[in-house]
Amino acid sequence: MRLNFKHEWIETNIGLMLVLTMLAISVGGLVEIAPLFFINKTVEKVEGINVRPYTPLEQRGRDIYTREGCYTCHSQMIRPFVDEKLRYGHYSLAAESQYDHPFQWGSKRTGPDLARVGGKYSNEWHVQHLIAPRSMVPESVMPNYPWLMQNLDLSDLEGRMKALRAVGVPYSLTEAEREANVEKFGAEVAAQLHIPDAKKNLVEQANLGNYDGNKAGVSEMDALVAYLQVLGTMVDFTKVNEDELVRTR
Ligand code: HEC
């Protein structure tokens, strides 16, 4: 009763109401904003973590992954629980998705988590599984994606990379940026990140990797399988020191 009385008193005192409203907003704002000052420390820099942006082919595969809505059934974030670690491997680190726009952490798992699926199966397995999941896993409820064998559209490749560059992915446009990438990632990776050569690099990786098992042309399957095969492979957990991880957080 007393509480109700005070409330009415506040609500009928416009000055006091304003002051208290401002106070509530300031505290709420501070709680939201303060963590952003420490965001740089959230991404761990420790030995064994060698995360690079996706190559043009992998990035196009990622675009297809989002286009097809794979995230509606698959997460890409291993949570720090024992059962998750036993099933999928080490829990996901912030560093692993630092170049992911949009991130694919997800919260829905009709199918298994895919954060570390890279290298788990052969390319042939993925191709067959994507075209007809039930031919590999009879009880699967995953849809068939037979149209992924169609040619990959390369017309807007550079535009897509420029958009990602605008949000902070270090794809290079100028010589200076390319040299900065050589310093950061080494010459081989830096060459893959250079936007003016994107088309050439994409076709080269697809032909070399032959992800879809068909040498002619570059299919969407080439891109998607290249993407799936790189997931979770950029961190070498045999080199990661757990104590160091905790300290940098
Ligand atoms: C309707 C839900 C659903 C959708 C949408 C879906 N999947 Fe799946 N996925 C599953 C289920 C269930 C499994 C487990 C059974 C199996 O292996 O087929 C699975 C398994 C997988 C596996 C094997 C994972 C492992 O560790 O064994 C991969 C890889 C995969 N899906 C990729 C994809 C990709 C890529 C897409 C989008 C093109 C996709 N999935 C869309 C439900 C889905």
Side-chain angles (χ1 to χ4, degrees), residues 51-93 96-97 99-157 160-161 164 169 202 205-206 208-214 217-238:
V51 180
R52 59 158 174 80
Y54 299 104
T55 64
L57 183 68
E58 292 157 7
Q59 182 55 46
R60 284 301 281 125
R62 193 169 200 277
D63 295 338
I64 289 159
Y65 184 94
T66 26
R67 181 192 76 192
E68 297 298 346
C70 311
Y71 58 84
T72 55
C73 286
H74 292 285
S75 59
Q76 284 187 25
M77 185 181 59
I78 300 159
R79 300 170 187 124
F81 305 131
V82 175
D83 58 329
E84 298 249 321
K85 217 167 154 168
L86 285 174
R87 180 166 181 193
Y88 301 116
H90 197 286
Y91 59 83
S92 294
L93 306 175
E96 288 179 88
S97 39
Y99 300 123
D100 289 5
H101 299 280
F103 63 79
Q104 298 294 334
W105 299 333
S107 56
K108 176 83 172 69
R109 281 185 187 159
T110 302
D113 188 276
L114 297 181
R116 301 210 191 291
V117 83
K120 182 174 172 188
Y121 302 104
S122 64
N123 296 340
E124 291 79 7
W125 189 94
H126 279 298
V127 173
Q128 183 59 37
H129 181 252
L130 285 163
I131 293 174
R134 273 152 298 284
S135 66
M136 305 306 284
V137 185
E139 68 276 19
S140 182
V141 294
M142 183 163 139
N144 300 341
Y145 294 94
W147 56 85
L148 294 177
M149 290 308 278
Q150 71 197 4
N151 281 344
L152 180 66
D153 178 8
L154 297 182
S155 59
D156 54 1
L157 178 65
R160 285 170 184 271
M161 290 175 79
L164 285 163
V169 180
L202 182 149
Q205 190 188 350
L208 260 176
N210 193 21
Y211 299 93
D212 66 353
N214 179 359
V218 180
S219 66
E220 295 186 342
M221 188 66 91
D222 274 318
L224 183 57
V225 174
Y227 171 63
L228 290 172
Q229 292 292 31
V230 83
L231 287 178
T233 60
M234 296 189 204
V235 179
D236 181 357
F237 282 101
T238 58

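Atoms within each ligand, like the ligands themselves, are counted from 1 in listed order. FYI, side chains are in, hydrogens and waters are out, and symmetry mates aren't considered; it's all heavy atoms of this structure.
Note: Tyr54 and Tyr227 have perpendicular aromatic rings, judged against thresholds of 30 and 60 degrees for the angle between ring planes.
Counting only heavy atoms of the protein, atom 25 (C) of ligand 1 lies nearest to Tyr121 OH, 3.3 Å. The protein atom (non-hydrogen) at minimum distance from atom 43 (C) of ligand 1 is Cys73 CB, 3.4 Å. In terms of protein heavy atoms, atom 13 (C) of ligand 1 is closest to Pro112 CD, 3.6 Å.
The distance from ligand 1 to the heavy atoms of Ser140 drops below 4.0 Å at these ligand atoms: 15 (C), 16 (C), 18 (O). Below 4.0 Å from some heavy atom of Val141 lie the following atoms of ligand 1, by number and element: 1 (C), 12 (C). With ligand atoms numbered from 1 in the order given, ligand 1 contributes 24 (C), 28 (C), 29 (C), 32 (C) to contacts under 4.0 Å with heavy atoms of Leu114.
Residue-level proximity to ligand 1 for Trp125 is carried by the side chain, the only part with a heavy atom below 4.0 angstrom.
Ligand 1 has an N or O atom lying under 3.5 Å from an N or O atom of His129, backbone or side chain. Of the polar atoms of Lys120, at least one N or O is found under 3.5 Å from an N or O of ligand 1, judged by distance alone.
In this structure, Tyr227 does not count as a contact residue of ligand 1, since none of its heavy atoms falls inside 4.0 Å of the ligand. Leu130 counts as a contact of ligand 1, since one of its heavy atoms falls under 4.0 Å from the ligand. Ligand 1 has His126 within reach: a non-hydrogen atom of the residue lies less than 4.0 Å from it.
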